[in-house]
Amino acid sequence: MLLENTAEATVPTRWAEVSLRSLKDMEENSGESLELTVADTGEEESSLLKNWTTSFHLHSPWNDFQSRIVKLHPRPPRVKVAAVDCSSRKIGRTKKGLVCAFRGTVVWRDDFAYRYLRYGPFLFHITERFPETFRDFAFSSTVSASAFSFLNPSGWLSRIRYLLEIELQRMVCESSRDSIILWDGVMPAAGLDLDPVSPYLSHILRLARSGNNKVMALAKETRLFSENGGPLPEATELPSPCLVDVDKCVGEVSPSSQRLGYTFIAKFAPDSPGFRLDVDRCLPKGEMVEAVERLLASDLTFQGYPETLRAAHILSALTPVDVLGLQRSLAGRYGFKIVRSPPVRRMLFGPYGGWDDS
Amino acid sequence: MRLFKKEHDTVQVLCFPEETVEKGDYLVVEDLKAKRSLLVQVVDIQFANLPGMMEDLVREDVGDAYLFGEDYDPLQLNSQITLLRDIRILLGKIRCSIQGGSIDMNVSWLPSRVHSQIYRLKPHQLFELLKLGFRRPIKIGDDGDGFELRIDADALDGKLSIITGRKGSGKSHLSKLLVLGLVDHGAPVLVFDVNGEYVNLGVNPNGEKNRYHDRIMVLNPAKNFKVTLSYMGLATASSLLAHVLSLPETSLREFSRIWKNLERSDSLSLKSLKNTLRCCDLNEHVREALLSRVYTLERSGFVVEEGEETVRLEDFFAKTSGTGGAAVINLSRSFPLERKLVVEFTLSKLVELLRVRRVKACFLFAEEAHLYLRETYWEDAVTRMRHLGLFTTFITNRPDSIGEDIYRQADSIFLFNFKNEHDLNAISKAARIDGETMKAIAQSLKPHHCMTIGQVTGEIPFVIRVKPLDVKTMGETRTFFS
C-alpha cells in the first residue's frame, strides 16, 4: 500500500467531520428550499490557482527557442508513479449559502497495476459561519490565515478543493519513497496573495525530497505566445518526447526565486499539444530531466499525458449523475424540496444570455 | 414513481430502483386534486437517460479494466449515486380513466405532475374494478401474487376467440382450462384435437378419474366414432364429396340422383350405393369418379354400414344437456384426408342440428385448424355459424394461418409468447390493440403467461399467469428417451 506509513484515514475522517459540522446548519433549518440552477450542476468550478499561469509569452526568437529543447529518452529502471487530483461541484443554494461537493483521488502505479484511493464525496454547506467552522479544524495550523479570508461562498469552493488537494499531496509526499509524484496544475510562487498556501507547499516539497521523491506538476491547458503576441510554431512541430525550458518566460510573471517549480513545456508524444510542466525547483536541473525520463519509462501516456494523472482526474470527477445523486441524498436526509431556479439570463437575453441557463 | 411525460396515448413515468414494475403491469396515475385517475399499462421499461450517465459508466469500465482501489466514503453518499444508474422510464399506454370507482373510457384529460401520485394496481384489483368473473366465473390464472383471476363464461358465449402463441408457451393449457370452465357452467363443447392432448381431460394427473370423467367423451374416428350414410344425409355427403374429395359438379348431380333413388327405395347403404354405381347407366368417367370417392369413404373406416355401432352428435348434446360436457374428436391418429372428412362431417352436421334447433348452441375449440379446415369455413365460422350458435375458439401456433378478417372479427385474443416479429405483425394488423403494446409485451411473456385482449377482460389488455390444471394434460407425444 502506498500510504502504509501514514494514517490515510485521518484525511477523510477530518474532512468528514468538517463536512458534518457544516451540514449541521441544514438540520437546524430543514424544511427550507434548496434551489438549484442548471449552472450549478454544469461546468466544474475552475481554480484560479490552477489556471493563472498557464499562458505565458516567450521573448526569445525561434532559434533561441530551439536551443531550449531537451530531447528525452525513457530511462529505466521503473519507479513508482503517484498522482493526485481533486474536483468540486456546486450542488445547490440554500437561503444561507452554497452546498458543494468535493472528491479527491490518489492513483499510483506499482509493478502490477494502477491502484487508487478515492476520498469523498464530501458535502459542505458554505455559509457565513463556515470560515469559523473551517478555521477550527487542523488546517489552520498549516495554512496561512489568509487562506480563509474569502467570505464569498463561490471563492470558498475553489479554496476548499485546493486545500483537499494539498492535504492529499502532503499525504502522498510524506508516505512515498523514491517515487515520482504528479500534481495537477502548476506549482505556484511562494508569498503571492493568490496563493496563501504556498508556504505549506514548500513544506510538502521538503517532505517529498526527504523521501527521495521527485514532484512535478502538469497543467492541462497551456498556451505559448511569441514576443509579438502571435502564436509560436505548432507544438506538433516539436520533436517528441522533449522538454522546452521556458522557466525564464514565466519569470516575467513572478520572480523565479519565489517560484516553487522550474517550468518546462513537456511534449511526451507526437500527437500531444504540449503541457506546462513544473518540476520541484530545488532539484538540480539534471535531476529534473532525469526524473522526467524516469516518468516516461515508468508510466504510460495517453496523448502525451501521464496515465496515472489522467486516472486520478477521471476518478475524482463529479459527473452530473453524481450531482443528482447528492441532491437526492440531501433531499432525503434533510427534507429539502429541490426547486429549479428560473433561468433569468435566458429569460432576459434569450440566446444571447450565455451558454449556461443561469 | 413520478409522472414525467405524456405524448398521444403514451405516458412516461420515472421509476426508482426500489419500485418493482414489469411489462404488462398496470399503474394508476391518480390526480389527487382532480379526484380522478388514469389507468396506464406498462408496455416497455427503459433506463432513464440522465445527463452524464455515459461518462459515469465509461469511467467505471475504464476502472474495471486496469484500476484497483478503494473508496473512502465516510458520509456514505456513493450509494445514492449508484442508485441513480438504475432509474428507469416506464412507457405506458393509457387504457381508461377511473372516476368514482368506475371505469370511464374518456382519456382526453391530463393528470397533474405536481398533484399526481402513481402506484401499481394489482391485476386482481383491476379485475374487481372491471367486475370481471362475477357472473359465470372461469378461473384461468393468478396475478403472480396468488390472487385468482376469473373471467366470465359469458365473454366466450356468442363470441369468436383466438388463442395463439409459439409452441410450448401454454396455449393448449389455457384452452383446456376454458373447455373445462365452460363444462362447469353446463355448456356443450366440441374439440378438434389434432395432437391427442385433450383425451385425458377426464383423468387426474395420477390417472384416477376426475369429476369431469363422465362428461368428457373422446371420439376416435373409425374406432368409436363412425357414421352411416343415412345419418350423414345427402347434404353432408355432398359436402364431403365436393369439398374434401373434390368431386366435380356434374358427378355430384348424378350422385344426388342415385342417393335419392336409394333413399326412396329405403335401401341406402354403402353396399347398395356401390352396386348401383356399378350397374346403373352412367358416363364411364362419372362412374369412375363416384366409385373411387365412395371407396375412399369406405376405406376411411369412418363411414360404415348400417348395424355397426355408430355415434349421433345429437345424442352427445342430449347427454350433456344441463350438466355440460365435452366431445373430444381425436384427430391425432387420422391421416390428413380422413381428418378433413371427419371435420367436414362434424361441422356440416352441427350446422344442420343448429339450424333445426335440435341443438341450442355449442362451443367449438379448433386446434391448428389450418390443418383440416377448408378456406371457406373460416369465414363461415365467424359469420353464419356464429349466428346459428357455434362459438369458435381457434388455437394455433401459426398466427399467419388465420386470416386478417378473422382477427378483425375476433372478440377476444389470448396471446402467448412470440419472439418472431413476423408472427406478431400478423396479429397486430387487425387485433383490438395497438401493435406497439402487443409487440412489446408478447415478446417478453414468460411460458404460461398470456396477454388477454378484447371483451374477455373488458377491452383492457391483461397479462395473466395461467393456472396449473388438475387434470392429465400431457398429449400423447411419443419420445425416445423417456
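Every heavy atom of this structure was used, including side-chain atoms; hydrogens, water molecules and symmetry mates were not. Every chain is numbered from 1 and lettered A, B, ... according to where its sequence line falls, protein lines coming before strand lines.
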Is it true that atom [atom1] of [X] has more than 12 heavy atoms of other residues, nucleotides or ligands lying nearer than 6.0 Å?
{"X": "Phe47(B)", "atom1": "CZ", "result": "no"}
{"X": "Gln76(B)", "atom1": "CD", "result": "no"}
{"X": "Asn49(B)", "atom1": "CG", "result": "no"}
{"X": "Lys122(B)", "atom1": "NZ", "result": "no"}

So do the side chains of Pro121(A) and Ile81(B) get within less than 4.5 Å of each other, counting heavy atoms only?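 Pro121(A) vs Ile81(B): side chains touch.
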
Residue pair Phe122(A) / Leu77(B), side-chain heavy-atom distance below 4.5 Å: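 Of all side-chain heavy-atom pairs linking Leu77(B) with Phe122(A), none is under 4.5 Å.
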
Please list all pairs meeting salt bridge (Lys or Arg N to Asp or Glu O under 4.0 Å) that have one or both residues in residues 312-323 of chain A, counting only residues at least two apart or in different chains.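 Qualifying pairs: Arg103(A)-Asp322(A), Asp322(A)-Arg59(B).
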
Ignoring hydrogens, what is the shortest heavy-atom contact between Leu75(B) and Ser19(A)? Give both atom names and the distance.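 Where Leu75(B) meets Ser19(A) most closely, the heavy atoms are CD1-OG, 3.2 Å.
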
Using only non-hydrogen atoms and a strict under-4.5 angstrom cutoff, which residues of residues 22-41 of chain B touch chain A?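 None at all.
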
Reported CG-to-OH distance for the pair Asp71(B) and Tyr119(A), which is rounded to 0.5 angstrom: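 Nearest 0.5 Å value for the CG-OH distance: 10.5 Å.
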
